[in-house]
Amino acid sequence: MIYPVNEIFQTIQGEGWHTGVPAIFIRLQGCDVGCAWCDTRHTWAVNPDHRIEVTDLLQSAPATAWASMSPTHIVEVVRQPKWTAKWIVITGGEPAMHDLRPLCEALEQAGYQIQLETSGTYPVQVSAATWVTVSPKIGMRGGHVIQACALARADEIKHPVAREEHIAALEALLKQVSSKPRVCLQPISQKPAATALAMRVCIEKNWRFSAQMHKYLEIE
Ligand code: SF4
């Protein structure tokens, strides 16, 4: 299995249930979900003309560049001595467009715990031990629907909110889930009204508030 990798970097997880955990992010290229507020639009297209070598990707590469990497090659990169995090976040783009089981297996054999961040619009193909964060992207331009199997596999639902209708849409989704995933509300684009709404509903429902700490700290 070969994956189109947009970037690999170590930082602190800035959002969701594991906010604050040192983590290595593997960002895969490619997404056709089409969220209006997407802050990683550079990952949408897998343009063959923007394919580069891995060594160039790890230096400073254009935002839309990507490299083909095998699970073995990705493990070699994340094991570099200066990176100490044992928590790996596979994100995108939409990483669930790919069968991630070979990558999960290779990373777990190397001693890492994996988190997947997905929009819930594709079936999730990961290891049994992977922590799955579904951030449901409902009614986006790409025309995808939320997959019941992705919701059922979610350990955490991290929901972007700006208006009351987003809360109603989440509650409708939660009615479909027999498991009890943890719920985080995340204000869209740090707008004050969205933040106030998320805070109020989190307190009412005893859900967790996800502030996207990295955006306030202006770190990656
Ligand atoms: S699913 Fe993620 S990467 Fe894709 S458009 Fe939505 S926010 Fe952007």
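By convention here, the first residue in the shown sequence is residue 1. Whatever order the structure lists them in is the order used to number ligands and atoms, beginning at 1.
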Return the orientation label for the His144 and Tyr122 ring planes: parallel under 30°, perpendicular over 60°, tilted otherwise. tilted
Nearest protein heavy atom with distance in Å, relative to atom 8 (Fe) of ligand 1: Cys38 SG, 2.3 Å
At less than 4.0 angstrom from any non-hydrogen atom of Gly34, what atoms of ligand 1 do you find? 5 (S)
Taking only heavy atoms of Trp44, which atoms of ligand 1 are found under 4.0 Å from at least one of them? 5 (S), 8 (Fe)
Could you tell me whether Lys191 atom NZ has more than 12 heavy atoms of other residues or ligands within 6.0 Å of it? no
Tell me, yes or no, whether the heavy-atom count around Arg79 atom CZ, taken from other residues, nucleotides or ligands under 6.0 Å, exceeds 12. no
Greater than 12 external heavy atoms within 6.0 Å of Met199's CE: no
One finds that the ligand 1 atoms under 4.0 Å from a non-hydrogen atom of Cys31 are 1 (S), 3 (S), 4 (Fe), 5 (S)
Charged N to carboxylate O below 4.0 Å: is that the case for Arg41 and Asp39? no
Specify the protein heavy atom at minimum distance from atom 2 (Fe) of ligand 1: its residue, its atom name, and the distance to 0.1 Å. Gly93 O, 4.0 Å
N/O/S from Cys35 sitting under 2.8 Å away from atom 6 (Fe) of ligand 1: yes
